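Read through the structure below, which is laid out as structure tokens, and then see the notes.
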Amino acid sequence: MIEFPDNFAWGVATASYQVEGAVDADGRRPSIWDTFSHTPGKIVADEPGDIANDHYHRYAEDARLLGSLNLGYYRFSVAWPRVQPDGRGPINPAGLDFYKRLIDALLENGVQPWVTLYHWDLPQVLEDAGGWPARDTAYRFADYAVATFEGLQDRVRHWTTLNEPWCSAFLGYAAGTHAPGVTDPAASIRAVHHLLLGHGLAARAIRASHPDAEVGITLNPQPIQPATDSDADRDAARRIDGLRNRLFLDPLYYGKYPADVLDDLAGVVDDSYIQGDDEKTIAAPLDFLGINYYSPAVVRQGADSVSDAVYVGSGDVESVAQGLPVSDMGWEIAPDSLHELLVRLYRDYPGVPLYVTENGIALQDRLGADGTVEDPERIAYLDGHLRAVHRAIADGVDLRGYFVWTFADNWEWSFGTSKRFGLVYLDYPTQRRIPKSSARWFADVARRNALDT
Ligand code: IFM
């Protein structure tokens, strides 16, 4: 048996806009994702997230199902436009009450809540006022985060400020494939800074008032390798590792942006957006770092003008497929790279406990005629990645938990409901939840705290 440490956290993760639906309920106002998903051509089949898993109304059933899967934790996010619909000012008690009901239902079923304060659903009014490229949004986030924390802290120990700020900044403001759909490289870099500043302000304020709370952030760092040993490819890997990983990790851990990355970005944006003690504020002490891992990248200096829109300021860098098996997202499956990533992170950024806060695979799952969903490829994927996690722990990484993305199939951003990541199958026409074979497998792993050898 491959045993995990005592008290290892087993869980699943979701995000508000991907599951809740009920977009007009109880005072909620639009987020950038409501606007984006209602813009023709942005989402597969033009399918917005208005209903998604209708979790807003079905949370009690979901909490029971989560409990039946032996899960210690449910990681979910709070919708800012539900709790503070105008992006500033008073809290909407009806919005906050939803999360109180959800948390109480989880606790009744033996599941601990793990709250993410921001998983991409910025109130549209704040985007209209400049969005993340505007400095004021950092302060608006901190106010919202503290108010939400105050409202729920009696029931919740673990708090994640932001989920994957790389996506918010680079997919949202550089590539434009995520809300708000902007394609302005300079804006994306300012967005990075204000997201991190918002994190730092919020984390400091929460810690100051409640030293017992566990406060961290979730990033989606990626192992980046050069396609060849050439100087050009190695420099491409340095630049992309800088943008994807060090641009976030260095200020969070060491209170300083990496000088080489700021140099790379000099032609994109001047650094006047970094003011006073901002970098120190960002480096608020972390109780944990969450890591969302799906796939590594191999990059090379591209020919002509081939470049990826998220590789801001990097010129003609492109990622190169390695010919590995891929998920239904087209993402290459490489569990060893998770081990490599965890070991590298804990070496370069030691001292803070790590959690894998997302890992999982999209597959073309089918509901069988007998009413079951068999997904052996997902079991193999999770098994392989859990072995990589276990090896990292054996190698000395202080890794304390693992969360599957995701609980039930849900609304996968620009892919709508066309991608299925869940342990539980969502039959959208009936909203029936049907645990897949991977759900039973994962429940058993969580119960035993171990994998078979
Ligand atoms: O669905 C997303 C989630 O919202 C953030 N991390 C990656 C998942 C799969 O794309």
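Counting convention: from 1, in listed order, for ligands and their atoms alike. Model, not experiment: these values are computed from the prediction.
- With hydrogens left out, the protein atom closest to atom 1 (O) of ligand 1 is Glu412 OE1, 2.6 Å, a heavy atom.
- Contact analysis leaves Lys419 out of contact with ligand 1, as no non-hydrogen atom separation drops below 4.0 angstrom.
- Which parts of ligand 1 touch Gln18 is read off a 4.0 Å heavy-atom cut-off, strictly below it: atoms 1 (O), 3 (C), 4 (O).
- The cationic group of Arg135 does not satisfy the cation-pi geometry with Tyr273, failing either the under 6.0 Å distance to the six-membered ring centre or the 45° limit from the ring axis.
- For Trp10 and Phe8, the ring centers are positioned less than 6.0 Å apart.
- Looking only at atom types and distance, the side chain of Glu318 has no donor-acceptor partner in the side chain of Tyr311 under 3.5 Å away.
- Not a single N or O atom of Asn292, backbone or side chain, sits closer than 3.5 Å to an N or O atom of ligand 1.
- Ring centroids of Phe36 and Trp120 are separated by 6.0 Å or more, keeping the two rings apart.
- Comparing Tyr17, Trp120, Tyr294 by heavy-atom distance to atom 8 (C) of ligand 1, the nearest is Tyr294.
- Shown are Asp409, Asp375, Thr372; of these, the side-chain hydrogen bond (donor to acceptor under 3.5 Å, both in side chains) with Lys436 is made only by Asp409.
- Using a 4.0 Å cut-off between heavy atoms, Phe415 makes no contact with ligand 1 at all.
- An N or O contact shorter than 3.5 Å links Glu358 to ligand 1 by distance.
- The Glu164 neighbourhood of ligand 1 comprises atoms 5 (C), 6 (N), 7 (C), with distances under 4.0 Å to a heavy atom of that residue.
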Verdict with reasoning, Arg433 to Asp62, per salt bridge (Lys or Arg N to Asp or Glu O under 4.0 Å):
CA-CA 8 Å; Arg433 279 90 162 123; Asp62 285 340; 2.8 Å; yes

